[in-house]
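Below is one structure, written out as structure tokens; the observations come after it.
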Amino acid sequence: MADQITITLPDGSCRVMANGSTAADLAADIGPGLARAALVAEVNGIERDLATTLDDGDEVAIVTADSPRGLYTLRHSTAHVLAQAVLDLYPGATFAIGPPIEDGFYYDFALPEGQTFSDEDLERIEAKMREIVAADQAFERHDTTAGEALELFSAHPYKCEIIRSKADPGEVSTEGAVSYYSNGDSFVDLCRGPHVPSTGRLGAFKLMRVAGAYWRGDERQPMLQRIYGTAWASDKDLRAHLHRLEEAARRDHRRLAHELDLVSWPEELGSGLAVWHPRGAAVRQVMEDYSRKRHADGDYQFVYTPHIAKSGLWETSGHLDYYADSMYPPMELDGATYYPKPMNCPFHVLIYKSRQRSYRELPLRLFELGAVYRYELSGAVHGLLRSRGFTQDDAHIFCTKDQTVDEISSLLDFVLSVLRAFGFGEFEANLSTKPEEKYVGADDDWDAATDALRVALDRSGIAYELDEGGGAFYGPKIDIHVRDAIGRRWQLSTLQVDFQLPQRFDLEYVGADGQRHRPVMVHRALFGSVERFFGVLIEHYAGAFPTWLAPVQVEVLPVAETHDDYAVAVAGRLRGEGYRVEIRPAEESLGARIRKAKVEKVPYVLVVGDDDIANGTVGVNARGSEVERGVPVDRFLERLAADVDEHERV
RNA sequence: GCCUCCGUAGCUCAGCUGGUAGAGCGACGCUCUCGUAAAGCGUAGGUCAUCGGUUCAAGUCCGAUCGGAGGCUCCA
């Protein structure tokens, strides 16, 4: 056996090492900085512990916390320490799984006699974890057989279940052999690995919360106690993450909706049902007006439909077969059964069907701001983002097969253009294709429609992911996601081809050939839900709406009562131009009034006093800029107009 | 729907191991009439989410219901 081995590094260079060297030795050989930062190694494309002995000819990359893989391992190892702490502190506790997740990790436990964790427990556990980290215990890998592992984990039924089923490749190596890791005196955890070399490499973590979670995510299985934590490469990263969470909490639309007097959720109404206050309604009106204008420009025709319909409609549409669980319960009236609508599509279909259609009418685009009701599970309801009653900016396009590609392409442009006007600039899409098993429609049609969606996405230039088999049973779809001001991803728009409803309702048009043909139907919503979109806007702008959307665009503050008449005149002039203006009279100090206007995030605060009356000017205190005195009203109006028009120029 | 946690004045919150409620902001009233992020004084306001139970006594303990939060599941 040669006493030297040659290792290839990611940059293609080679390094000669003594036989028996480990990945850790390699890192040390490359440099002390890397040795300190090294967490795991990728050996021939497979992640290994740093203690892994290298073979001649191996291609090795040293992984640090700078890479997503390194962070992943760091979080995984931190999860182990969490389990170690819990098992140490709670005799009789058993543990299930503990994977890394985005931003952190979790671990599922079962405490004896159904005990639960409290916030105080989290502090205790976290303190114990810090002891384990301080002790710098080495993580050691052990390879064994399933039989031995069952013996070793005999006190932990969930671990045994994992070993027996081997169903979860994330936890047990697939070769039939089983690996586990030990650290400290007695802690062992079933694990595929790899892990960081020792607990001393961890530290920038924090336990966040405790929650219930079903074993294997199955609601028939026991509910376990899940502890969530976050872990980072450095304290600085951890602090930045916690800061992001605070920022997100600060932007929470439920909190801002209350502070800015936009909407509320009276308990008397029921869960998931909101009322819109004048200020929220003002923003909504601007949103809806803009939407209508754009749809009118886009050759949509506006329709209105009722909120309930007889059961027969929902039988024909298939909703009662596929969607009944999410529908509000039926009402019996005059011997008929009525359901509140969860979707608008069947109504639009009936409008299409109201008379014979010619190919000359297609594409026919029917648009409605349609209120729908869906019985969302109580645990799923979340402010405006997930409510039980909401309004879709819903349209259904009926077109010929040949028109589908162009229609979808221009539709996608339309969607993106509207979203840009609302201040979103970063888009990502999902293209969901035909499900494996249950679907309606011919394969050829599916292929054609999916191609149409793909071509449209390619033309638009936005990044998209393919969700193979993720489409609805009735057709392929594109979902559009946006990134908000702090980088969070929200699904807003959806664009779905439907082969099913035209068939179920036996839709037809008469073609140029005089024959009857079946149209293709496209469902699409831009906001998705007006409520949800508004909620996302609130969080995106942190309540500081751009001027065109702001519920109050200008607030006029007379310095003293003697300036009231002038304030009224200025406000009247602005209102005459169509702006939303309020006057805050001099009943309290100017400073206090300015503060209130600022807290309400009003874009323009105008202060008017003696000088202004004399010169026909206003003092302009604009959100986010310096105070300007003596601005002529005309000049302010120009500025305001330019500001309001800004969103149209994106 | 399931699990855990939570629900005290309009809002934010205090109220130790059970002994019949407090603050700040806001509201209202009076004073101040003021040039760019909180003027001063005073007053009112709570069957402690609701219902039931334990107890001599419940905001505090127990149960149910309603509402909320975070998860799980769901979101064709």
How is [X] classified with respect to the nucleic acid when contacts are heavy atoms under 4.0 Å: base, sugar-phosphate, or nothing?
X: A:Ala586; result: base
X: A:Asp611; result: base
X: A:Arg254; result: sugar-phosphate
X: A:Asp610; result: base
X: A:Gly475; result: nothing
X: A:Ser271; result: sugar-phosphate
X: A:His258; result: sugar-phosphate
X: A:Gly619; result: base
X: A:Arg593; result: nothing

Pair [X] and [Y], ring centroids less than 6.0 Å apart:
X: A:His307; Y: A:Tyr328; result: no
X: A:Tyr604; Y: A:Phe636; result: yes
X: A:Tyr323; Y: A:Trp314; result: no
X: A:Tyr107; Y: A:Phe109; result: yes

Check A:Arg629 with A:Asp612, please: is the shortest side-chain N to carboxylate O separation under 4.0 Å?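 So A:Asp612 does not pair with A:Arg629 through a salt bridge.
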Tell me, please, which residues at least two apart from A:His382 pass side-chain contact (heavy atoms from CB on, under 4.5 Å).
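Checked A:His382 against side-chain contact (heavy atoms from CB on, under 4.5 Å); matches are A:His253, A:Arg254, A:Leu385, A:Arg386.
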Tell me which nucleotide, if any, is Watson-Crick or G-U wobble paired with [N] when both distances must be under 3.5 Å.
N: B:U4; result: B:A69
N: B:A14; result: none
N: B:C32; result: none

(Q) Looking at A:Tyr228, I'd like to know whether one of its side-chain N or O atoms comes within less than 4.0 Å of OP1 or OP2 on B:C72. (A)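 Answer yes for this pair, as a side-chain N or O of A:Tyr228 is under 4.0 Å from OP1 or OP2.
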Does a side-chain N or O from A:Ser589 land closer than 4.0 Å to OP1 or OP2 of B:C34, or not?
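No, no such contact exists.
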>> Between B:C48 and B:G15, how many Å separate the two C1' atoms, rounded to a whole number?
In response: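 It comes out at 11 Å once rounded to the nearest Å.
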Just how far, in rounded Å, is P of B:U33 from CG of A:Asp565?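 Answer to the nearest Å: 19 Å.
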Candidates B:U73, B:G35, B:U4 - which lies nearest the side chain of A:Tyr214
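Among the listed nucleotides, the one closest to the side chain of A:Tyr214 is B:U73.
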Item to complete: For the pair A:Phe545 and A:Phe534, name the ring-plane relationship: parallel under 30°, tilted 30 to 60°, perpendicular over 60°.
Response: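 A:Phe545 vs A:Phe534 ring planes: parallel.
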Contact list (N/O, under 3.5 angstrom) for nucleotides 25-27 of chain B vs protein:
none

